[in-house]
Structures are given as structure tokens and as C-alpha cells.
Amino acid sequence: MTRLPPTEAGFFEVPDLDGGRAARGWWDRNAQEYLEEHGEFLGAADFCWCPEGLREADARLLGPVSGRRVLEIGAGAAQCSRWLAAHGAHVVATDVSPGMMAAGAGLDRAAGVRSPAVVADARALPFADESVDTAFTAFGAIPFVPDAAAVHAEVARVLRPGGRWVFAVTHPLRWAFADDPSQHGLTAIRSYFDRRPYVETDEEGRVAYAEYHRTVGDHVAEVVGAGFLVEGIVEPPWPAGHDRTWGGWGPVRGAYLPGTMIMRCRLPTATGRART
């Protein structure tokens, strides 16, 4: 395992193995703190795509869900899955972090809605080929692995022909700017094309957190490489009257720069025509 300066934070090249396995431990350690900070905004059984507050009830990015087999990847505490279950979907939530899944059990009781949850790496999903109608993730899995192409390939494997894959990530443009919601976050400080991950180390210099940057072109190339058709890209604007800050997201910077990118993708059918 590579050692870096202890308690360091910045953009570093790190071995893929070190960076890719850091997410499980980080989310286990921080599950409760994360829910205490963001739980009220996310709700126990609500489907929020992003800090801008775009909700599936309004956006309908997944299309019809009632009666569909839906897979949530990188589900965290599975708030989105509970919303889908309440709307008639046959949904399963997956996450790499047992700590987040355990935190979700408490939300099951609070919401009075439960959906099956499985601890699983998004790059090795424990599901049969063509067993899912729709898959999605709201900021899960993709930012935290060095090989997001492997996530897309697994999703393509478990989706039926014509199935939809929708994922939200930090807007790639944001990586050129400081993670600051104030005016200071409106000045570019690094190259958009600098693909080094953002890394935090622990007291012994081990990788404790890693988040990976991909350009818009990188994301498109990876999903197309997995066999998907790109149906559209959604860049939610910052809504008027929404005063909450979330890390680098907030009304000041949100008035000028996009914070979230959501990609809607679909597998071709056997005849090359997508299903509705």
C-alpha cells in the first residue's frame, strides 16, 4: 500500500487498488454524521437527485416505475429506493458500505417502508444477466472508483435489452474550481483536464478517501463503450429560494455554474430500438 503524507488532502496520483477500496471504510465511519447533516433534506423515503433539490417526483428521469424491477447502485441509506417502493417499483438497493446499509435500517422503521438492501461493490453486482428493468444512482459508486467503466459494464450486464441507466455525478466543470460555495469558488484554480483524484489520507498516510474526476467526454465514452445509447444530459439549475449549501454547492455559485450532471442512458433492444 502506498504511503502519502499523513492527514493530507489534495490531488494526487494513487494506486487504483488503494483509491478504489477507500470508499467502504470512509462511508462506514461517516454514515451517521452524513445523515445527521443531510438527512432532513434527503428525507427518509424521498428521491432527491442532487443538492439542487431536483426530485424524481418532478423530473421523472427513470420513466414509469410501477411494476418495474429497479436497481439502485451506491444507495447509501436507500432513501430513493424507499420512495420507489412506495410508488410500486420492485426495487433493490445496493451499496459497498455496510455502515450506510445499517443506517438505512433505522430509516425503514421511520418511514414505514422497506426495500431489500444488499452490500455489494458496483463493479461486481450479485445479480443475473438481464434481470433488471431500470438502474440508477444519485452520486453513488461512480465518483469513488478509478474504473467507472466497470460499473457501466456491470449495469449493462444486469439490465434487460432496452433498459434504462440514469446516474448523477458532480458536474465535471466543477473540478476546475475550489470546493467553495462562496464567491471564492467562482475562480478556476486547476485545469479541467487534470484527472488526478481528490485524495485524503489518514494519520499513517494511507488513502482514507478518494474521489475521481472525469470530463464530460470521459463519461460519454465510458457509457458508450459499455453499449449504452445516451438519451440526454440534465444540468439542474439552482432554484430560486433554495438557500441551502452542501459542500461546494450553494446559491452563490449555483447562479453561475452547474453543480450536477445527470446522464440518461439506455441499452438498445435486440432490434436496435429502445423500449419506452
Side-chain angles (χ1 to χ4, degrees), residues 2-16 18-23 25-27 29-30 33-34 37-38 41 48-54 74 137-149 151 167-223 233-240 242-263:
T2 297
R3 291 292 195 274
L4 293 168
T7 60
E8 188 75 25
F11 293 84
F12 309 110
E13 295 287 359
V14 296
D16 286 352
D18 292 354
R21 65 187 175 189
W26 193 91
W27 286 106
R29 292 188 300 273
N30 293 279
E33 179 181 349
Y34 178 85
E37 183 177 359
H38 302 298
F41 177 71
C48 181
W49 277 108
C50 52
E52 288 85 353
L54 180 68
T137 185
F139 282 83
I142 292 171
F144 306 109
V145 296
D147 50 344
V151 177
F167 62 92
V169 294
T170 299
H171 198 290
L173 181 64
R174 288 279 303 278
W175 282 82
F177 298 83
D179 193 29
D180 186 329
S182 73
Q183 290 285 343
H184 296 292
L186 290 172
T187 301
I189 60 172
R190 69 179 58 85
S191 170
Y192 170 78
F193 302 101
D194 181 354
R195 292 174 175 83
R196 291 176 299 168
Y198 170 77
V199 174
E200 296 175 1
T201 62
D202 62 17
E203 294 81 1
E204 297 182 9
R206 295 173 299 194
V207 177
Y209 178 90
E211 188 171 346
Y212 291 85
H213 167 50
R214 296 169 179 92
T215 66
V216 174
D218 292 339
H219 283 290
V220 171
E222 287 174 343
V223 296
I233 295 176
V234 178
E235 299 166 297
W238 195 267
H242 180 30
D243 296 326
R244 177 188 176 87
T245 59
W246 181 322
W249 283 263
V252 174
R253 187 156 73 170
Y256 295 92
L257 296 173
T260 297
M261 182 179 77
I262 307 172
M263 291 193 68

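Values below: all heavy atoms of this structure, side chains included; hydrogens, waters and symmetry mates excluded.
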[atom1] of [X] to [atom2] of [Y]: how many Å apart, nearest 0.5 Å?
X: Leu186; Y: Phe177; atom1: CG; atom2: CZ; result: 7.5 Å
X: Arg196; Y: Ser191; atom1: CZ; atom2: OG; result: 9.5 Å
X: Phe193; Y: Asp218; atom1: CZ; atom2: CG; result: 9.5 Å
X: His213; Y: Tyr198; atom1: NE2; atom2: OH; result: 15.5 Å
X: Met263; Y: His219; atom1: CE; atom2: NE2; result: 8.0 Å
X: Arg244; Y: Glu52; atom1: CZ; atom2: CD; result: 12.0 Å

More than 12 heavy atoms from other groups under 6.0 Å of NE2 on His242: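 Yes, NE2 of His242 has more than 12 neighbouring heavy atoms, counting only those of other groups under 6.0 Å.
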Within a 6.0 Å radius of atom CZ on Phe41, are there more than 12 heavy atoms belonging to other residues, nucleotides or ligands?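 Buried by this count: over 12 neighbours within 6.0 Å.
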Which heavy atom of [X] sits nearest to which heavy atom of [Y], and what is that distance?
X: Thr137; Y: Gly74; value: OG1-O, 4.0 Å
X: Ala9; Y: Glu200; value: CB-CG, 4.0 Å
X: Ala210; Y: Ala22; value: N-CB, 4.4 Å
X: Ala138; Y: Cys48; value: CB-O, 4.0 Å
X: Ala148; Y: Glu222; value: CB-OE1, 3.7 Å
X: Cys50; Y: Pro236; value: SG-CG, 3.9 Å

With a 4.5 Å limit on heavy-atom distance, are the side chains of [X] and [Y] in contact?
X: Arg206; Y: Asp18; result: no
X: Thr245; Y: Pro251; result: yes
X: Val207; Y: Trp26; result: no
X: Leu257; Y: Leu173; result: yes
X: Leu54; Y: Ile262; result: yes
X: Thr170; Y: Phe139; result: yes
X: Glu8; Y: Val199; result: no

Sidechain N-carboxylate O distance under 4.0 Å for Arg174, Asp179: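 Asp179 and Arg174: salt-bridged.
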With distance as the sole test, does Asp147 use its side chain to make a donor-acceptor pair with the main-chain N or O of Ala149 at under 3.5 Å?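 Flag not set: sc Asp147 to bb Ala149 has no pair under 3.5 Å.
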Could you tell me whether the side chain of Thr201 and the main chain of Thr7 form a donor-acceptor pair under 3.5 Å?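 Looks like yes, one N/O pair under 3.5 Å.
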Quick one, Val223 with Phe167, criterion side-chain contact (heavy atoms from CB on, under 4.5 Å). Give me CA distance, side-chain angles, the key distance, then yes/no. CA-CA 11 Å; Val223 296; Phe167 62 92; 3.6 Å; yes
Determine, step by step, whether Tyr192 and Val216 satisfy the side-chain contact (heavy atoms from CB on, under 4.5 Å) criterion, reporting the C-alpha distance in whole Å, the side-chain angles of both residues, the deciding distance to 0.1 Å, and the verdict. CA-CA 10 Å; Tyr192 170 78; Val216 174; 3.6 Å; yes
Verdict with supporting geometry, Tyr209 and Arg29, side-chain contact (heavy atoms from CB on, under 4.5 Å): CA-CA 11 Å; Tyr209 178 90; Arg29 292 188 300 273; over 6 Å; no
